[in-house]
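What follows is a single structure, written as structure tokens, with notes after it.
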Amino acid sequence: MHYWLMKSEPDVFGIDDLAKMTRRTTGWDGVRNYQARNYMREMARGDQAFFYHSNCAEPGIAGIVEITRTAYPDPTAFDRKDPHYDPGSTPEKPRWFMVDVTLVRRLRRVITLSELKNKAEKELDGLALLRRGNRLSVLPVSTRQWRYILSLE
DNA sequence: GCCAACGTTGGC
DNA sequence: GCCAACGTTGGC
């Protein structure tokens with residue numbers, strides 16, 4: 001059992017959008033970064049992830065999702081008309097992968113990035129999200145960090 | 001293999 | 001909209 005953090009822009013796809021999906025489940029497609037891809041391939045069924053709202057007025061953790069399908073080829077990479085199309089990825093030799101996530105619950109309130117930053121020196125020392133210049137859209141969270149962040153709720 | 005140019009991310 | 005900090009690309 002591992003914990004993760006997955007970023008999404010609420011203007012594009014936020015936690016309210018996930019809540020409206022059939023079975024509150026969506027495929028996490030469009031990831032085009034090797035390290036983020038590798039993290040997704042490490043995910044197991046039942047792993048949980050924070051649903052993080054990025055690039056918005058109040059960046060922060062909005063909810064919890066569960067991995068309900070492990071990594072499989074991301075078909076948007078094969079679609080010439082898709083903005084994430086990558087001619088280097090083919091069905092025979094896929095380069096990009098995605099997982100399915102299911103909403104577990106919204107947090108009672110958004111735990112903001114600025115709050116997390118306030119804890120960066122102590123309780124959240126080493127949190128990948130807070131490391132300088134980190135732009136990965138999929139990140140690991142330790143069990144200790146996970147529990148501590150939830151205690152802020 | 002080096003590295004400049006370019007594109008992207010994402011907080012502010 | 002700005003811009004720092006990346007990652008990627010491609011000429012050499």
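Below, read A as the first sequence line, B as the second, and so on, with proteins coming before strands; counting in each chain starts at 1.
- A/Asp86 has a carboxylate O that lies under 4.0 Å from a charged side-chain N of A/Arg95, or vice versa, which qualifies the two as a salt bridge.
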Expected rows: protein N/O vs nucleotides 7-10 of chain B N/O, under 3.5 Å:
{"residue": "B/dT9", "atom": "O3'", "partner": "A/Arg135", "partner atom": "O", "Å": "3.3"}
{"residue": "B/dG10", "atom": "OP1", "partner": "A/Lys7", "partner atom": "NZ", "Å": "2.8"}
{"residue": "B/dG10", "atom": "OP1", "partner": "A/Arg135", "partner atom": "O", "Å": "2.8"}

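- Atom CG in A/Asp11 sits about 14 Å away from atom C1' in B/dG11, given to the nearest Å.
- For A/Thr70, the side chain to side chain contact (heavy atoms under 4.5 Å, CB included) partners two or more places apart in sequence, or in a different chain, are A/Arg45.
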Listing, residues 13-20 of chain A side-chain donor-acceptor contacts under 3.5 Å, not counting sequence neighbours, or none:
{"residue": "A/Asp16", "atom": "OD1", "partner": "A/Arg106", "partner atom": "NE", "Å": "3.3"}
{"residue": "A/Asp16", "atom": "OD1", "partner": "A/Arg106", "partner atom": "NH2", "Å": "2.8"}
{"residue": "A/Asp17", "atom": "OD2", "partner": "A/Gly14", "partner atom": "N", "Å": "2.7"}

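- Between the side chain of A/Asp47 and the main chain of A/His2, a donor-acceptor pair closer than 3.5 Å is present.
- Using cut-offs of 30° and 60° on the angle between ring planes, the pair A/Trp4 and A/Tyr39 is tilted.
- Nucleotide B/dG11 holds its C1' atom 11 Å from the CG atom of A/Leu129, rounded to whole Å.
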